[in-house]
Number of protein chains: 2
Amino acid sequence: MNDKADLVSPKSRYEDLKKALKSSGLKLTKQRKAVLNALAGSDDHPDANQLHRRTQTIDKSVSLATVYRTMTELENNGVIHRLSFQGEPARFEAADTPHHDHIIDIDSGDVIEFQSEKIERLQAEIARELGYEVVHHRLELYCSKTVK
Amino acid sequence: MNDKADLVSPKSRYEDLKKALKSSGLKLTKQRKAVLNALAGSDDHPDANQLHRRTQTIDKSVSLATVYRTMTELENNGVIHRLSFQGEPARFEAADTPHHDHIIDIDSGDVIEFQSEKIERLQAEIARELGYEVVHHRLELYCSKTVK
DNA sequence: ATAACTGCAAAAGTTTTGCTACCAA
DNA sequence: TTGGTAGCAAAACTTTTGCAGTTAT
């Protein structure tokens, strides 16, 4: 179960996505409504095919190309994040949640989100020492459950 | 310029790779010799096509498929690492260097290696608190040069 | 009205694989 | 000798794109 997703209803997440899409200057078509609804109803991190399948339960007519095109537009406008885990097709998540990184359960494939201010600070510090400024980063912990 | 790669000569890096390949139970063919030499002579992180091109300067007969097959075998035996940066084809690096993470210069595409014991410890700690054990991780800082 | 958008099918790019021949051990 | 390995070409997969028709604003 994903706490974060449950804090806000799919309906309200959809409204947020819709608003973000419109303020990005994009048209609200019926295909995009379906895609956004599918994404709003996802508390995991679906890839393009999964998102397409979920979208089609809402509107059969939506093509995979439209899913990709919509995700690309929304990514360019900072509305969604494109996650690319090792050896997998890209996955998508709404960007309206606070910044976080990911733990990938290598046995089950589950993705857990976490946030660490300390790590963020360390990253910035390391980059600064090398003459760089962090624009964005990816941190993924590939883990297995602790046996206790 | 990459300090790490310069600490050890391409020749000696090749010998190490050759040894690792043989102890993985793989046969040392002339194609693999060429691939390993190309990799040993690379102080960056080449993708399959780049590695293939470099390999062909040594032995024209080596195919791209052999580069991929060799990398897959070596990866399975822990001899090389497959890096998959956001939106790029996979890159390869010899695994004989101490563990490190990567800074990607988003303007030039340069890749800089760094190591932080503190961050490693924090990662393990965070995972432990969530009931997980880190098997491996990926940390990439996408950065731009600091203007000073 | 018209610029943005869509589905479809084809293309592009990366990586894998089936097959037959070959070669390292 | 023989099981692993090679090249080649085709396939598999993910993602993008050209085109001609459609639609939101």
Side-chain angles (χ1 to χ4, degrees), chain A residues 17-39 45-56 58-77 79-92, chain B residues 17-39 45-56 58-77 79-93 109:
Chain A
L17 285 171
K18 198 169 77 175
K19 192 183 302 177
L21 180 142
K22 290 212 268 197
S23 27
S24 299
L26 302 172
K27 287 186 179 174
L28 184 64
T29 63
K30 82 179 187 353
Q31 289 88 346
R32 284 177 178 167
K33 283 182 195 169
V35 174
L36 295 191
N37 267 308
L39 187 60
H45 304 78
D47 65 28
N49 271 303
Q50 294 171 319
L51 191 53
H52 182 222
R53 267 183 258 114
R54 293 175 197 180
T55 299
Q56 289 205 316
I58 303 172
D59 180 343
K60 280 288 190 54
S61 81
V62 180
S63 70
L64 180 58
T66 287
V67 171
Y68 273 110
R69 281 194 273 233
T70 302
M71 290 300 103
T72 299
E73 288 291 347
L74 293 183
E75 185 190 18
N76 291 342
N77 286 284
V79 180
I80 60 110
H81 293 311
R82 184 185 300 253
L83 314 174
S84 32
F85 299 141
Q86 182 84 258
E88 295 185 7
R91 303 182 184 210
F92 306 96
Chain B
L17 285 171
K18 197 170 75 175
K19 192 182 305 174
L21 180 141
K22 289 211 270 198
S23 27
S24 301
L26 302 172
K27 287 186 178 173
L28 185 64
T29 63
K30 83 177 186 355
Q31 289 88 345
R32 284 175 177 167
K33 282 182 195 168
V35 173
L36 295 190
N37 267 310
L39 187 60
H45 304 79
D47 65 28
N49 272 302
Q50 293 171 320
L51 191 53
H52 181 222
R53 267 184 257 115
R54 293 175 197 179
T55 300
Q56 290 206 315
I58 303 171
D59 180 342
K60 278 290 189 56
S61 81
V62 181
S63 70
L64 180 58
T66 287
V67 172
Y68 273 111
R69 280 193 271 234
T70 302
M71 290 300 103
T72 299
E73 288 292 349
L74 293 183
E75 185 189 18
N76 292 341
N77 287 285
V79 180
I80 58 112
H81 293 310
R82 185 185 298 252
L83 314 174
S84 32
F85 298 141
Q86 182 83 260
E88 294 186 8
R91 303 180 182 211
F92 306 97
E93 70 174 9

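Chain letters run A, B, ... following the sequence lines, proteins first and then strands; every chain starts at 1.
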Shorter than 3.5 Å, N or O on both sides, protein versus nucleotides 15-22 of chain D: list them out with atom names.
from: D/dT15; atom 1: OP1; to: A/Ala90; atom 2: N; distance (Å): 3.0
from: D/dT15; atom 1: OP2; to: A/Tyr68; atom 2: OH; distance (Å): 2.5
from: D/dT15; atom 1: O5'; to: A/Tyr68; atom 2: OH; distance (Å): 3.3
from: D/dG18; atom 1: O6; to: A/Arg69; atom 2: NH1; distance (Å): 3.3

Expected rows: protein N/O vs nucleotides 23-25 of chain D N/O, under 3.5 Å:
from: D/dA24; atom 1: N3; to: A/Lys27; atom 2: NZ; distance (Å): 3.2
from: D/dT25; atom 1: OP1; to: A/Leu28; atom 2: N; distance (Å): 3.4

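With sequence neighbours left out, the side chain to side chain contact (heavy atoms under 4.5 Å, CB included) criterion links A/Gln86 to A/Tyr142, B/Arg82, B/Ser84, B/Arg138. For A/Lys30, the side chain to side chain contact (heavy atoms under 4.5 Å, CB included) test picks out A/Asp59, A/Ser61, with sequence neighbours left out. Partners of A/Arg69 according to the salt bridge (charged side-chain N to carboxylate O under 4.0 Å, His left out) rule, which considers only residues two or more places apart in sequence or in another chain, do not exist here. Applying the side-chain hydrogen bond (donor to acceptor under 3.5 Å, both in side chains) test to A/Gln56 and every residue at least two apart in sequence or in another chain returns A/His52. The side-chain hydrogen bond (donor to acceptor under 3.5 Å, both in side chains) test applied to B/Ser24 returns no partner, not counting sequence neighbours. Under the side chain to side chain contact (heavy atoms under 4.5 Å, CB included) criterion, A/Leu28 pairs with A/Lys18, A/Leu21, A/Lys22, A/Lys33, sequence neighbours left out. Every residue two or more places apart in sequence or in another chain was checked for a side-chain hydrogen bond (donor to acceptor under 3.5 Å, both in side chains) with B/Asn77, and none qualifies.
Summarising the geometry, the separation between CD on B/Glu73 and C1' on D/dG3 is reported as 13 Å, rounded to the nearest angstrom. At whole-Å resolution of the value, CG in B/Leu74 and P in D/dT5 are 11 Å apart. Regarding A/His52, its NE2 atom lies at a distance of 12 Å from the C1' atom of C/dC8, rounded to whole Å. One atom, CG of B/Leu51, and another, P of C/dT14, lie 14 Å apart when rounded to the nearest Å. Summarising the geometry, the separation between CD on A/Gln31 and P on C/dA4 is reported as 17 Å, rounded to the nearest angstrom. Spacing between atom CE of B/Met71 and atom C1' of D/dA6 amounts to 15 Å, rounded to whole angstrom units. Following rounding to the nearest Å, B/Lys60 (NZ) and D/dG7 (P) show an atom-to-atom distance of 14 Å. Between the CD atom of A/Gln86 and the P atom of C/dT15 there is a distance of 11 Å, rounded to whole Å.
Note: A/Leu36 CG to A/Leu74 CG = 6.5 Å, rounded to the nearest 0.5 Å. Here B/Glu75 contributes atom CD and B/Thr70 contributes atom OG1; the two are 12.5 Å apart, rounded to the nearest 0.5 Å.
An OP1 or OP2 oxygen of C/dA24 is reached within less than 4.0 angstrom by no side-chain nitrogen or oxygen of B/Arg32.
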